[in-house]
K.L.:
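Starting off with a structure, shown below.
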Amino acid sequence: MLDIQQLRNDLDNVVARLATRGFAFDSAAFTALEQERKTVQTRTQELQARRNASSKQIGIAKSKGEDVAAIMAEVAGLGEQLKADEERLAAIQWELQKLLLNLPNLPHDSVPVGKSEEENIEVRRVGTPRSFDFEIKDHTDVGTPLGLDFDTGAKLAGARFTLMRGQMAKLHRALAQFMLDTQTEKHGYTECYTPYIVNADTLRGTGQLPKFEEDLFAVKKGGQEGDSEPLYLIPTSEVTLTNTVRDEILALDALPIKLTAHTPCFRSEAGSYGRDTKGMIRQHQFDKVEMVQIAHPGQSYAALEEMVGHAEHILQALELPYRVVSLCTGDMGFGAAKTYDLEVWLPAQDTYREISSISNCEAFQARRLQARFRNEAGKTEWVHTLNGSGLAVGRTLVAILENYQNADGSVSVPAMLQPYMHGLLKLQTA
RNA sequence: GGAAGCGUGGCCGAGUGGUUGAAGGCAACAGUCUUGAAAACUGUCGGGGGUUUACGCCCCUCGUGAGUUCGAAUCUCACCGCUUCCGCCA
């Protein structure tokens with residue numbers, strides 16, 4: 001959520017910056033609404049003040065045993081007008097709130113301006129793609145004989161669900177363990193176990209609601225009926241980790257808070273029909289190790305760079321070639337002020353594919369969350385929130401299957417993962 | 001699922017219709033004292049919003065929402081959350 005003060009004071013600039021992300025803001029409607037708000041709010045508060053004063057007088061008079069009929073008569077007419085104004089004001093505030101909740105974040109000055117992913121900027125490439133002296137297979141063909149089972153996944157739950165067996169399932173688990181151990185032991189994040197199902201308030205806090213309900217899975221309790229709000233499966237543990245500071249005023253020295261969790265993520269992938277239908281790239285359920293930082297505003301961009309490094313560390317440890325991309329204004333997510341993507345090399349696709357996305361949301365989520373800290377001057381101030389994958393486990397598995405495949409159909413286990421696989425060097429058919 | 005109870009400021013805890021945003025205590029912060037610290041004493045001390053060049057003035061907020069009333073932390077209703085006991089249960 002943007003700062004409504006900023007909209008009031010610097011509207012043209014806000015409109016221009018929103019436009020860079022392809023968002024057309026109706027400033028005329030906003031201005032009209034604001035003007036009415038001002039009139040009605042002032043009038044309402046005046047009436048409230050008069051009513052409060054009179055009521056106080058009645059109290060004083062009664063305690064002295066004086067006659068209160070005169071004052072009572074004075075207040076009598078106030079009620080109706082006040083009620084009408086209060087209702088109108090509430091309606092206007094609701095409109096403004098709705099408008100605000102649907103505005104995306106303003107891009108940081110350093111973000112390249114562009115319409116789509118075509119205009120993202122490559123920041124650096126790390127690692128050299130391996131050259132193969134045999135006909136390579138994609139992860140589906142490599143993985144299927146080794147325990148990756150799309151047919152059974154589909155039988156159990158539908159398209160975009162996968163079952164893993166044996167060594168494949170173990171490798172998947174090893175990856176998550178390795179990532180979690182790295183982020184906690186090497187990079188100082190506190191490991192968390194979080195709910196996988198959350199309420200609507202939580203999703204409003206991080207910005208998935210109200211605008212992106214169709215991307216979520218909703219669940220209802222047994223016997224739940226009527227129109228009470230449903231619960232939702234988390235699309236990422238960014239949601240739960242970031243919401244831990246909702247409605248909090250943190251001490252200055254509590255910052256930064258660094259949290260990590262390994263959780264499944266559930267996404268309905270509405271609107272992506274036909275994209276990545278084959279294989280494990282785009283699933284309704286996937287595991288991810290997430291990093292979240294709650295940072296001091298003065299430190300948040302340093303934290304962003306640091307987190308990119310934390311995610312890169314995993315790819316480097318696994319010796320997977322990748323590149324770092326700075327997303328342009330048109331490709332960034334709703335709440336992000338600046339985002340880096342990490343893209344891993346997939347030889348069968350002959351391209352780099354997103355495996356991590358790391359964003360600084362600045363105060364955008366904090367305003368929704370009412371997440372503040374007490375600054376150096378003792379004043380409350382919004383925290384900055386950052387989140388990033390470190391990494392997406394399923395896509396990392398895909399990258400390993402493709403990059404570590406051998407001519408005989410086996411897949412070598414990256415050195416760093418071998419301890420997690422009890423020394424197993426290769427995935428191969430029995 | 002059944003029964004009972006409870007939600008007040010950073011924390012504890014008074015407060016059952018009237019000059020109460022709320023006693024008291026703890027914590028925190030500033031100052032006096034001290035070589036320094038502690039103790040003691042003095043003061044400050046929830047959050048959000050409107051308006052104002054500013055000082056200030058005003059509004060909202062006692063789990064959330066609605067209601068009764070000139071006036072609600074206090075009365076009514078609904079919802080949410082927590083605790084305890086019973087049942088069920090990984």
Side-chain angles (χ1 to χ4, degrees), chain A residues 1-9 30-31 33-101 193 195-205 209 220-232 240 243-255 257 363 366-383:
Chain A
M1 183 158 70
L2 300 182
D3 180 5
I4 193 162
Q5 301 290 0
Q6 194 181 2
L7 264 78
R8 285 172 189 156
N9 301 329
F30 172 77
T31 308
L33 204 54
E34 256 297 287
Q35 244 159 22
E36 196 189 355
R37 190 222 92 227
K38 208 162 173 167
T39 319
V40 177
Q41 182 163 358
T42 309
R43 196 170 61 211
T44 305
Q45 293 190 351
E46 259 167 38
L47 289 174
Q48 285 171 331
R50 274 169 60 195
R51 181 205 56 199
N52 290 349
S54 297
S55 293
K56 199 172 260 187
Q57 288 307 313
I58 293 172
I60 296 169
K62 272 198 166 175
S63 71
K64 291 181 185 161
E66 293 168 4
D67 178 49
V68 294
I71 319 176
M72 293 280 271
E74 203 182 302
V75 209
L78 250 59
E80 221 165 291
Q81 175 71 52
L82 185 55
K83 192 170 178 185
D85 280 349
E86 279 174 345
E87 277 170 11
R88 181 64 198 140
L89 183 61
I92 294 167
Q93 306 272 38
W94 173 245
E95 283 298 314
L96 282 170
Q97 186 70 5
K98 250 190 346 198
L99 196 145
L100 230 46
L101 283 174
Y193 172 85
Y196 301 157
I197 301 177
V198 295
N199 58 35
D201 277 344
T202 298
L203 288 157
R204 269 189 285 273
L209 289 179
K220 55 179 183 182
K221 296 181 203 171
Q224 180 177 327
E225 49 190 280
D227 50 13
S228 59
E229 271 186 325
L231 297 171
Y232 299 88
T240 44
N243 269 278
T244 55
V245 296
R246 188 166 91 216
D247 295 322
E248 298 284 338
I249 299 178
L250 302 161
L252 183 61
D253 62 12
L255 303 177
I257 296 174
R367 282 189 209 97
R368 294 171 163 249
L369 292 161
Q370 293 287 306
R372 292 159 292 178
F373 73 103
R374 211 166 283 284
N375 68 18
E376 292 80 350
K379 293 282 179 199
T380 57
E381 188 178 339
W382 305 116
V383 296

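Throughout, protein chains are lettered first and strands after them, A, B, ... in sequence-line order, and every chain is numbered starting at 1. What you are looking at is a predicted structure, and each value in this text was computed from that prediction instead of being measured.
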K.L.:
So if I take every side-chain heavy atom of Lys38(A) and compare against rU51(B), rG50(B), rG47(B), which nucleotide ends up nearest?
P.N.:
rU51(B)
K.L.:
Under a 3.5 Å limit for both distances, which nucleotide forms a Watson-Crick or G-U wobble pair with rU51(B), could you say?
P.N.:
rG56(B)
K.L.:
For Ile4(A) and Ala53(A), take the nucleotide of RNA chain B holding the closest heavy atom to each; which residue's nucleotide lies nearer the 5' end?
P.N.:
Ile4(A)
K.L.:
Could you identify the nucleotide paired to rC6(B), looking across every strand shown and requiring Watson-Crick or G-U wobble geometry with both distances under 3.5 Å?
P.N.:
rG81(B)
K.L.:
Could you check Gln45(A) against Ile58(A) and say which one's nearest nucleotide on RNA chain B is further toward the 5' end?
P.N.:
Gln45(A)
K.L.:
Quick one: is rC60(B) close enough that its OP1 or OP2 comes under 4.0 Å of any side-chain N or O from Arg51(A)?
P.N.:
yes
K.L.:
Distance check: side-chain N/O of Thr380(A) vs OP1/OP2 of rG48(B), anything under 4.0 Å?
P.N.:
yes
K.L.:
Measure distances between side-chain N and O atoms of Lys62(A) and base N and O atoms of rG18(B), and say whether any donor-acceptor pair falls under 3.5 Å.
P.N.:
yes
K.L.:
Determine which nucleotide pairs with rC62(B), using a 3.5 Å limit on both distances of a Watson-Crick or G-U wobble pair.
P.N.:
none
K.L.:
Quick one: look up who rG17(B) pairs with, Watson-Crick or G-U, both distances under 3.5 Å, and put none if it's unpaired.
P.N.:
none
K.L.:
rG50(B), OP1 or OP2 - any side-chain N/O from Gln5(A) closer than 4.0 Å?
P.N.:
yes
K.L.:
Under 3.5 Å, side chain of Asn375(A) to main-chain N/O of Glu381(A), donor-acceptor pair present?
P.N.:
no
K.L.:
Have Ser55(A) and Asn52(A) got a donor and an acceptor in their side chains that come within less than 3.5 Å?
P.N.:
no
K.L.:
Applying the Watson-Crick and G-U wobble criteria at under 3.5 Å, what pairs with rU42(B)? Answer none if nothing qualifies.
P.N.:
rA30(B)
K.L.:
What's Arg37(A) touching, base or sugar-phosphate or nothing? Going by heavy atoms closer than 4.0 Å.
P.N.:
sugar-phosphate
K.L.:
Across all strands shown, which nucleotide pairs with rG71(B) by Watson-Crick or G-U wobble geometry, both distances under 3.5 Å?
P.N.:
none
K.L.:
Could you check whether Arg50(A) gets within reach of a base, just the sugar-phosphate, or nothing at all, counting any heavy atom under 4.0 Å?
P.N.:
nothing
